[in-house]
Student: 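The following block contains the structure, expressed as structure tokens.
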Amino acid sequence: DSGVTQTPKHLITATGQRVTLRCSPRSGDLSVYWYQQSLDQGLQFLIQYYNGEERAKGNILERFSAQQFPDLHSELNLSSLELGDSALYFCASSPDRAVYEQYFGPGTRLTVT
Amino acid sequence: DAKTTQPNSMESNEEEPVHLPCNHSTISGTDYIHWYRQLPSQGPEYVIHGLTSNVNNRMASLAIAEDRKSSTLILHRATLRDAAVYYCILRDLYNFNKFYFGSGTKLNVKP
């Protein structure tokens with residue numbers, strides 16, 4: 001158990017819909033990272049937040065957005081969902097920005113039908 | 001972007017050492033070498049990292065070539081629980097967007 005929690009575990013929704021994925025980092029960790037893992041593209045970095053502020057952006061679509069709240073939990077919002085957005089979404093956390101180790105949550109499996 | 005090359009799969013016998021290679025010929029001076037592994041149906045798990053010198057921890061050892069263009073993750077005694085996909089990743093200390101996982105090596109451990 002990494003100490004990172006993600007909810008929900010599974011999510012099934014229809015194309016065009018909007019969903020919110022939630023992540024609670026390990027106690028004391030200030031950085032949160034979001035990743036997408038699909039069968040054809042492997043593990044892709046989406047975005048990083050540090051203590052409430054966006055710090056780095058990866059391959060995140062404009063239809064996706066994220067935020068980190070004062071209690072350090074984070075939410076990833078996915079809108080206008082397409083079939084290709086079906087994937088595992090992982091959250092990871094680390095104590096600071098200059099991360100050496102990231103601790104990954106168990107993931108949320110999103111299925112868009 | 002500096003990227004890594006790993007064999008798609010490897011096989012090992014239980015309780016024998018495993019050497020997982022990684023090539024990163026375009027590594028830059030500020031790139032750290034990280035290894036993560038992903039067990040089936042789980043999130044990735046940190047294994048080890050290094051910059052220039054060889055590193056050891058309770059899980060594994062990391063041997064880094066003198067020119068830093070390749071590295072090897074060493075599992076000293078493979079167990080069935082070590083069957084996973086192993087990712088060799090370069091992370092630039094100052095540019096997180098260069099954190100690229102790649103396709104990894106799927107390690108199969110035979111009893």
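Since we're looking at a predicted model, the values are computed, not measured. The analysis underlying the following values was restricted to heavy atoms, covering all of them including side chains, and did not include hydrogens, waters or symmetry mates. Letters go in sequence order (proteins before strands), and every chain restarts at 1.
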Student: Ring centres of A/Tyr33 and A/Phe104 under 6.0 Å apart?
Tutor: no
Student: How would you list, by chain and number, every residue that makes a salt bridge (charged side-chain N to carboxylate O under 4.0 Å, His left out) with A/Glu54, sequence neighbours excluded?
Tutor: none
Student: How would you list, by chain and number, every residue that makes a salt bridge (charged side-chain N to carboxylate O under 4.0 Å, His left out) with A/Glu62, sequence neighbours excluded?
Tutor: none
Student: In terms of heavy-atom proximity below 4.5 Å to chain B, should A/Gln6 be classed as side chain, backbone, both, or neither?
Tutor: neither
Student: Under 4.5 Å, heavy atom to heavy atom: which of residues 76-85 of chain B reach chain A? Give them by number, or say none.
Tutor: none
Student: For B/Tyr32 and B/His49, take the angle between the two ring planes, folded into 0 to 90°, and tell me which bin it lands in: parallel under 30, tilted 30 to 60, perpendicular over 60.
Tutor: tilted
Student: Can you tell me how far OH of A/Tyr35 sits from CG of A/Leu43, rounded to the nearest 0.5 angstrom?
Tutor: 7.0 Å
Student: Give the member of B/Pro44, B/Gly102, B/Gly43 that has the highest number of heavy-atom pairs under 4.5 Å with chain A.
Tutor: B/Pro44
Student: Output side-chain donor-acceptor pairs under 3.5 Å for residues 103-111 of chain B, partner residues at least two apart or in another chain, one line each.
Tutor:
from, atom 1, to, atom 2, distance (Å)
B/Thr105, OG1, B/Pro7, O, 2.6
B/Asn108, ND2, B/Glu11, OE2, 2.9
B/Lys110, NZ, B/Glu11, OE1, 3.3

Student: Using side chain to side chain donor-acceptor pair (under 3.5 Å) as the criterion, point out the one residue from B/Arg37, B/Gln38, B/Gln6 that pairs with B/Tyr86.
Tutor: B/Arg37
